[in-house]
Every structure is written in structure tokens, then in C-alpha cells.
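Source: prediction; values computed, not measured. Sequence lines set the chain letters: A, B, ... in the order given, protein chains first and strands last, and positions in each chain run from 1.
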There are 2 protein chains.
Amino acid sequence: MPTTLKELAARAKVHPSTVSRVVNQDPSLRIGPTTRARIEALLRETEYRPNGVARGLKLRQTLVLAVVIPDITNPFFGALFRGIEDGAAPRGYQVLLCNTDGSPDRQRAHLHSLIARRVDGVILASSFLKDQAVRWLRHQRIPYALVNRFSDEGLDPFVGSDDVIGARLATQHLISSGHVRIGHLAGQSTVSTGVLRRRGFQMAMVESRLRAEPELQAEAGFVEDGGMRATERLMALQEPPTAVFAVTDMVAVGAYGVARRLGLRVPEDLAIVGYNDIPLAGRLIPGLTTVHVPIHEFGSAAARLVLEQIDSGQVTPKRVVYAPQLVIRGSTASGAEVLNAVNVASRGIGE
Amino acid sequence: MPTTLKELAARAKVHPSTVSRVVNQDPSLRIGPTTRARIEALLRETEYRPNGVARGLKLRQTLVLAVVIPDITNPFFGALFRGIEDGAAPRGYQVLLCNTDGSPDRQRAHLHSLIARRVDGVILASSFLKDQAVRWLRHQRIPYALVNRFSDEGLDPFVGSDDVIGARLATQHLISSGHVRIGHLAGQSTVSTGVLRRRGFQMAMVESRLRAEPELQAEAGFVEDGGMRATERLMALQEPPTAVFAVTDMVAVGAYGVARRLGLRVPEDLAIVGYNDIPLAGRLIPGLTTVHVPIHEFGSAAARLVLEQIDSGQVTPKRVVYAPQLVIRGSTASGAEVLNAVNVASRGIGE
DNA sequence: CTGAAAGCGCTTACAG
DNA sequence: CTGAAAGCGCTTACAG
């Protein structure tokens, strides 16, 4: 059993409250120098560390944040988690990680459990549109933030990027490369990123007087296997697309796999654009053209947003929205074109 | 503020202990049916959930496990975490995740903090050989387990695989493919996997009367950038290797990058073998021959090992060691060879 | 400068 | 069948 304040007090022949005061370096109280020295020696000797649970009960703070995501094996969420941890650690917070695998039930169960544990804040990256669990969370009066996906427009503290603009950039890039028949590997319509990125795709098409035909929009979910199935469907059409915009980089990875299996060259036979710019995107061959969003910063900003609410004692639906940036790589352009585009892109980022 | 037992008791006009009994469905006590009905209605109405912190203080259990790893963005640790979570969730546990980035200081700081929080158990996947922090942990009398890496042979509860055998398998495969000049992209000598996999490499070489020359063994750490640098060094030798065995798949990924940059074909100009069989290994082009270890099971077994100790109240240095399996893909063999090897491998796994 | 008390929100052995 | 008390390990306003 670890040492307690009471034991220490008995050994130092003082009252437990006195020991507590030197442990916490209580500024308002001056402790007698001999008493203090005696207690400090004991503290060092026993390597005393106050019981965090008892402290948490008394102080009403656990110094724990919780993160709820679909799946940590998805590289997007790995980077996001690191951002959150980096934002929370300087303040002494550690982070509980909960995976939902996209199940609303699991999400709800995790949230209930976290509230019962009295975590100081929750960061949710697995929310659905009009999500009952989010509405419930809202009423718990606990600091929280949604990341990447929102639930009901404008109602929640949120960190993310403008998905319509990002998707529009991606699609415009394909159009300006000369593509006319462009497919969309779409996200789920129950998730904001799915809906908004599809909207951005459609917007760009319409703006260029191209038709966003329904048969060219195939739901792919957000990960590789759905990306493969959706690409297979599109490429089996009478008149398959010459380019696809994928709702995420992982869906784009699925498209690479199918292209390879079908013997299609990327980008000559099929150009591909992704979304997020996960580290893997730059390692694919050819490199994946994608929409860069600052994933790590999503995380640290979300952590800060929650910490602000903890500090202020108020839940404020502040929103932090980053501008997405197109990053052009080999999956949409030949070598020479990529070099030019890189110059443009890096200039763009500097602005 | 969430509802408390005391408030509920006042509303139901009973003593808090009575409410507590129906919340916990106390089996030894029979509660009057009318009282019970009244309280249960109240519980549903208020959606009462006991304060986990207070409960934790009284019951001396937090229902929290902690996982300490180098970096969650490394796919190996993503899969490991999922295994741990899957092993812990059925028992009502949630999991704190701590990244060390390989820093002993951060590892130590995290462990101290976790102990102060009174987590019920710790799973450590970032340990070094003869690690002071591990020795300290051992003396805390808290359930724990090391995963993948061990620290002092045999002293700690451990889940992993036999790294010497795995590395030997990998190297023997290269030798039997006709390679003579074989390099090793080695892990750090401060980590058990680094030392043991190098030992397995050397063992296989010597057994085949080949020389394991020091100049052909380059320290690469465990991730991609180190893998790139080490591969560059080996390929710059007077007489570069025709094949390399990489201490991890991520290091092998670094080798792919350098091979590509140097215009070397894999496997014709440079054969590559990795270790771990992360999901990425099968997606590389060509597919990465590697040593398969059951990463997800490492996690769930470690969770079970810790839960066993929690149940028994004893820290027992039980060891769970899995046999590694060679998985042959395109990075060491032509198409026809791969097909044959797959058949052999799948038979091997069935045994 | 230090002690004694109260209380954070629970659970459970002990009474009755 | 239910109440009252003690206690988990802290912190801090209140005394002295």
C-alpha cells in the first residue's frame, strides 16, 4: 500500500493538514522552518505522491481528458491523438482513448462511462449528424469539443476545416487538369464530412457546367475496403470516370489497390485525389494528391478549447476552422507538372 | 452538478445507504418492494450514475488501465492498443494512453503520474533493457505487464514473441534464396528487440558459415527515417548487400524509399525482409516479406495478464510467448515463388 | 505557525 | 427490511 498523509503525519508528529500544506506548498501559510525541513525529508524518503483519486474527489478535478474516435489504427486518428496529448500534457492532463468502430452504441456507452468517471473534458471525433449522444453530452455541462466532424451546425465547440471548400479545391483541380467524367468516392451521408465533401464536389462540377451524375457518386465510407468496393463499382460502369475524388486518403488507398488490380495506371488511366494528407499519402507511389488539413493542430486546438472551458467554467460553442490546402502529387499529374505545382503550393501555404 | 446519492435519498425519503443498495443491486439485502420501486423510478428519472471517483476511493479500484508506448502513430502500436482495449473492455475498463517518443524521461514521468492516479494496472511497451523505470514499477506492487520488449530477463510479467527465432527465420529465408552478402538494419542496442533480432540474424549467418560483418549491420532505430539512413549507409559500401533484414516493418519501409530513390529494383537488386507484419506490409509494392507476430493478441493477452493479477491480488511474472511466423511476399521472391511460399506458410500456420 | 473539523460521494459492516 | 456510522485519502476554511 502506498503511504498516506496520515501515516506521514504520525511519523513527523504533526497533523495531516500540516503535511498536506507542505506537499502543496501552500503559499498563504508559513510553516516553521524546522517542521518543514522534517516533513520535506520524510516526503523525499518515502517518495510520497498524493492519492490522485482522493484529491480528485475533494478538488472535483481528475486531470483526465477523454478522446472518443472511430479507430486508432486509422492514421488520421493517430495524428489527431498526438495533437490532443501534446495540447493537454503541459497542464498535467493524461488522456483516455476510446474507439467506437463507428458504432453509435459504443459511442454512447463510452460517453456514459466517461461522464460517470468525471473526466474533466471530452473530445469527440466520431460524431454523426444530429447525433443523440452529442445532444446528451451537451446537457451534461462538461467541457467538450467535437473535432473534424460536427453534429448540429454551430451548436457545439468545434475544431475542423471547411470541408466544402476543401472538396471544391480537389474537384476543381481535376477539372482544370482536363477531366470531365469525374467520380466521387463519397463518405457516409450520416456524417458531416461525408455530406459536405460531396457538396463541395457537386458545387465544383456545377460551377464548371459539368454534370455530377448520381451513378458517378458511390458511397465508400471512410476507409480502405469501402474505397475498394466503391472504385470497383465506378470502374465497372459503361463509361467509367477518368478521375476520382475520394472523401479520405484511406478511401483513396482503396482506389489505388483496385487501379493496380485492374491494370490501370495512375494518373494516366485514373487520376486520384484524397483528403486529409495523412503521412501515408506522400509515401504512396505515385504520391497522392490530396487536401491538406492540419491534423495535429486539430488535436492540440481541441485540447486547448476544452482546457479553456475548464478554466472559465463555461461551455462556449466556439469554433476553430482551418482553411484546407490542396497538395499536388503524382496521382493527378506527370512529373513536370508536380514540380510546378509544388512551387505554387508552398508559396500558397506561406501566405 | 450531477445528482448525488444524498439528494436521491432525500427525495425518496430514505437513507443514502438504501439508495446505494438498490443501485448496486446488493444481493445480500432484501429491499421492500415498494421502497425499491420508488427508488428505481427515481434512478431512471434522474439517470443516476454513481460518481466513479468517490466509488474508486472507497473501493480502491479505478477501472482504468494505462498503456505506455513510444508512439501511437506507429501502426504497430495502434494495433496493440486495440488489442488491449478489446481485452479490457468486457470487464468495464477504459484505457489511458501515454506516448513516450522513446524518451526515458517521459516514460518515467508518465509512470509516476499513473501510479499517483491509482490506475488499476499498467501495460508498458516502451521499456529499455535494464530500465530503471521498470525496476521502480516492479516495486510499486501494481499489476503490470511488459509487451513486445522485456527489460530484465524473466523478472516481469511479459507478452511477446521469440525475437531470436523470428530474426533467424527471416535471415535463413534470405540465405536459402541464394543471398550471401546480407545486411541488417538493426534496432537500438538499448532495447531487447534490437539486441535479440540482431542476435538471430548473426546466428543464422554463422549457422550457414556466412560472416556477419560489422560493416553490414547498421543501426536504424525502429522507424522509417532511421531505416532510410541506415540503408543509405549500407548501399554506399564498396560492396553493398544484395539483401537486408530490417528490425521492423517501418524500418523496411525506409529501405523501400531508398531503394526507389537509388533506382534499385526490389527484390531483384535488393531483397528486403521486415518484422511484425503490420497491415501496411501487405500493401507495399511489392508486398513485404516479414515475420508475422500476433500484434492484436499481444495486446489482449497483456490486458488479460494484468486483469489476472488484479483478480488474484498478486503480481506474478508469468510470460506469454508467441511463435513468430515467416510470411513471404514479393520483396524477396518472384511471383511464382510467392505463390508456392504462401501455400507453405498457410499450412504452417494451421499446425 | 499548527491543529481540529468538516466534507468531497460513495460503500458496507453493524445495529435494530 | 432500513438506518446510522465509519471511513476511503485528501484539502482548506476556521480557530487559536
Side-chain angles (χ1 to χ4, degrees), chain A residues 1-40 42-43 46-64 92 113 115-120 142, chain B residues 1-40 42-43 46-64 92 113 115-120 142:
Chain A
M1 289 297 102
T3 323
T4 69
L5 222 44
K6 216 205 288 188
E7 291 163 16
L8 253 27
R11 289 186 55 185
K13 306 212 188 297
V14 294
H15 194 266
S17 59
T18 308
V19 182
S20 173
R21 283 183 189 111
V22 351
V23 169
N24 296 306
Q25 320 214 65
D26 186 333
S28 75
L29 278 311
R30 303 123 303 184
I31 309 275
T34 51
T35 330
R36 151 167 284 149
R38 187 155 33 104
I39 295 173
E40 277 173 348
L42 205 51
L43 256 24
T46 57
E47 293 184 335
Y48 173 75
R49 308 224 41 199
N51 179 324
V53 178
R55 213 155 200 266
L57 179 61
K58 179 69 189 177
L59 263 29
R60 305 181 127 77
Q61 63 159 1
T62 50
L63 293 179
V64 172
S113 177
I115 295 294
R117 283 183 199 291
R118 302 297 190 269
V119 298
D120 290 344
I142 184 185
Chain B
M1 291 297 103
T3 322
T4 69
L5 222 44
K6 215 205 289 187
E7 291 164 17
L8 253 28
R11 288 185 56 184
K13 306 208 185 303
V14 293
H15 194 266
S17 59
T18 309
V19 182
S20 173
R21 283 182 188 111
V22 352
V23 169
N24 295 307
Q25 320 214 65
D26 185 333
S28 75
L29 278 309
R30 302 124 302 182
I31 310 274
T34 51
T35 330
R36 151 166 283 151
R38 189 156 32 102
I39 294 173
E40 278 174 346
L42 205 52
L43 256 25
T46 56
E47 293 184 334
Y48 174 74
R49 307 223 44 199
N51 180 323
V53 178
R55 210 158 202 265
L57 179 60
K58 179 69 189 174
L59 263 29
R60 306 180 127 75
Q61 63 160 2
T62 50
L63 292 178
V64 172
S113 178
I115 295 295
R117 283 184 199 291
R118 302 296 191 269
V119 299
D120 290 343
I142 184 184

Re D:dA13: Watson-Crick or G-U wobble partner, both distances kept under 3.5 Å, found to be none

Checking N1-N3 plus N6-O4 or O6-N4 for Watson-Crick, or N1-O2 and O6-N3 for wobble, each under 3.5 Å, the partner of D:dA4 is none

Using atom [atom1] of [X] as one end and atom [atom2] of [N] as the other, report the distance to the nearest whole Å.
| X | N | atom1 | atom2 | result |
| --- | --- | --- | --- | --- |
| B:K58 | C:dA13 | NZ | P | 9 Å |
| B:L57 | D:dC8 | CG | C1' | 4 Å |
| B:R55 | D:dG9 | CZ | C1' | 18 Å |
| B:R118 | C:dC10 | CZ | P | 21 Å |
| B:E7 | C:dC8 | CD | P | 10 Å |
| A:H15 | D:dT11 | NE2 | P | 13 Å |
| B:L59 | C:dA13 | CG | P | 11 Å |
| B:L5 | D:dG3 | CG | P | 12 Å |

Between [X] (side chain) and [Y] (backbone), is there a donor-acceptor pair under 3.5 Å?
| X | Y | answer |
| --- | --- | --- |
| A:S20 | A:P16 | no |
| B:T62 | B:R118 | yes |
| B:R60 | B:L57 | no |

Look at all strands and tell whether [X] reaches a base, only sugar-phosphate, or nothing, counting heavy atoms closer than 4.0 Å.
| X | answer |
| --- | --- |
| A:V53 | nothing |
| B:T3 | sugar-phosphate |
| B:S17 | base |

By nearest-nucleotide position on DNA chain C, the 5'-leaning member of B:A54 and B:T18 is B:A54

Scanning both residues in full, the closest heavy-atom pair of A:Y48 with A:T4 reads CE1-C, 4.1 Å

Under 4.0 Å from OP1 or OP2 of [N]: is there any side-chain N or O of [X] that close?
| X | N | result |
| --- | --- | --- |
| B:S20 | C:dC10 | no |
| B:Y48 | C:dC10 | yes |
| B:N51 | C:dC8 | no |
| A:R21 | C:dT2 | no |
| B:R60 | D:dG9 | yes |
| A:T35 | C:dT2 | yes |

Report the distance from atom NZ of A:K6 to atom NE2 of A:H15, rounding to the nearest 0.5 Å. 10.5 Å

